[in-house]
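Here's the structure we're looking at; comments come further down.
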Amino acid sequence: QVQLVESGGGLVQPGGSLRLSCAASGSIFSIYAMGWYRQAPGKQREWVAVISSEVKYTESVKGRFTISRDSAKTTVYLQMNSLKPEDTAIYYCYTSSRSGSISWGQGTQVTVSS
């Protein structure tokens, strides 16, 4: 089992930046990929980005968000620039193993508003 703890959410004005962090503990040897989903009010959870041997983003955040992780591959970051009100959501960190097991963080609120 992998435990995930997120941090870095908050309130930011449109055009601003935030950096989310997600630290993994527990069965970290099983981690293959790390990534982020988000869920806006009244909407379904949406995949945002993932990092494993490659990096992928959903179209709406390309060029604005950057996913990265530390050398130990136990912490994943999401640098969010040029934030828009439509980026407002609860952001969830996740990990996946090669066997398909998924672990989730508790979520961190990101609010983009003037």
Side-chain angles (χ1 to χ4, degrees):
Q1 192 79 356
V2 176
Q3 292 79 47
L4 300 170
V5 177
E6 297 132 333
S7 60
L11 172 65
V12 64
Q13 292 186 341
S17 298
L18 281 175
R19 188 193 196 205
L20 305 183
S21 299
C22 175
S25 60
S27 302
I28 57 174
F29 59 88
S30 67
I31 295 174
Y32 170 67
M34 302 182 79
W36 297 88
Y37 272 76
R38 66 185 178 185
Q39 188 164 20
K43 295 187 177 181
Q44 290 189 330
R45 193 173 292 194
E46 173 193 30
W47 171 77
V48 176
V50 66
I51 183 168
S52 55
S53 57
E54 57 184 344
V55 171
K56 295 182 180 179
Y57 301 93
T58 192
E59 194 64 34
S60 63
V61 308
K62 285 182 179 178
R64 300 188 298 121
F65 291 12
T66 302
I67 189 170
S68 62
R69 57 182 176 181
D70 67 344
S71 56
K73 299 182 180 180
T74 59
T75 301
V76 64
Y77 306 96
L78 188 67
Q79 177 67 44
M80 305 185 293
N81 299 329
S82 302
L83 283 161
K84 305 175 181 180
E86 50 263 45
D87 295 318
T88 295
I90 300 175
Y91 284 70
Y92 297 91
C93 170
Y94 75 95
T95 65
S96 63
S97 70
R98 290 187 181 274
S99 66
S101 177
I102 306 292
S103 296
W104 294 97
Q106 81 284 358
T108 186
Q109 177 70 49
V110 171
T111 302
V112 184
S113 175
S114 55

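Side chains included, hydrogens not; waters and symmetry mates left out as well; all remaining heavy atoms used. All values derive from a computational prediction rather than experimental measurement.
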Residue pair V110 / M80: nearest heavy atoms and the distance that separates them = CG2-CE, 3.8 Å
ask   = Where is the tightest heavy-atom contact between P14 and S114, given as atom of each residue plus distance?
value = CD-N, 3.7 Å
inquiry  = So which atom in S60 and which in R38 form the shortest heavy-atom distance, rounded to 0.1 Å?
reply    = OG-NH2, 3.4 Å
query = Given the rule that I, L, V, M, F, W and Y join up when any side-chain heavy atoms are under 4.5 Å apart, are V50 and Y91 in one cluster?
reply = no
query = What is the distance from atom OG1 of T58 to atom OH of Y37, rounded to the nearest 0.5 Å?
reply = 10.0 Å
message = Can you see whether S99 engages S97 through a side-chain donor-acceptor pair at a distance of less than 3.5 angstrom?
response = yes
query = Taking the six-membered ring for Trp, are W104 and Y92 parallel (under 30°), tilted (30 to 60°) or perpendicular (over 60°)?
reply = perpendicular
ask   = Do S52 and E54 have side-chain heavy atoms sitting under 4.5 Å apart?
value = yes
request  = Working to the nearest 0.5 Å, report the span between OG of S21 and CD of Q79.
outcome  = 9.5 Å
ask   = Is I31 linked to L78 within one hydrophobic cluster, defined over Ile, Leu, Val, Met, Phe, Trp and Tyr using a side-chain heavy-atom separation of less than 4.5 Å?
value = yes
Heavy-atom pair with the smallest gap, counting every atom of K62 and Y57 = CE-O, 3.4 Å
key: CG on L18 to CG on D87, rounded to 0.5 Å   = 10.0 Å
key: Separation of R64 CZ from S17 OG (nearest 0.5 Å)   = 10.5 Å
key: Atom pair OG1/CD of T95 and Q1 - distance to nearest 0.5 Å   = 9.0 Å
ask   = Which residues pass the salt bridge (charged side-chain N to carboxylate O under 4.0 Å, His left out) test with E86, sequence neighbours left out?
value = none
inquiry  = Is there a side-chain contact between V61 and E46 in this structure, where contact means two heavy atoms from C-beta onward sitting under 4.5 Å apart?
reply    = no
ask   = Going hydrophobic residue to hydrophobic residue with side-chain gaps under 4.5 angstrom, can you get from V2 over to Y32?
value = no
query = Can you name the closest pair of heavy atoms from Q109 and I90 and give their distance?
reply = OE1-CG1, 3.2 Å
inquiry  = Would a single hydrophobic cluster contain both Y94 and V76, if residues Ile, Leu, Val, Met, Phe, Trp and Tyr are joined by side-chain heavy-atom contacts under 4.5 Å?
reply    = no
key: Heavy-atom closest pair, residues M34 and A24   = CE-CB, 4.2 Å
remark   = Sequence neighbours excluded, the answer for ring pair (Phe, Tyr, Trp, His ring centres under 6.0 Å) partners of Y77 is none
request  = Calculate, to the nearest 0.5 Å, the distance between atoms CD1 and CG belonging to I28 and L4 respectively.
outcome  = 11.0 Å
Under 3.5 Å donor-acceptor, E6 side chain and G107 backbone = yes
query = Stepwise, does the side chain to side chain contact (heavy atoms under 4.5 Å, CB included) test hold for F65 with L83?
reply = CA-CA 9 Å; F65 291 12; L83 283 161; 3.8 Å; yes
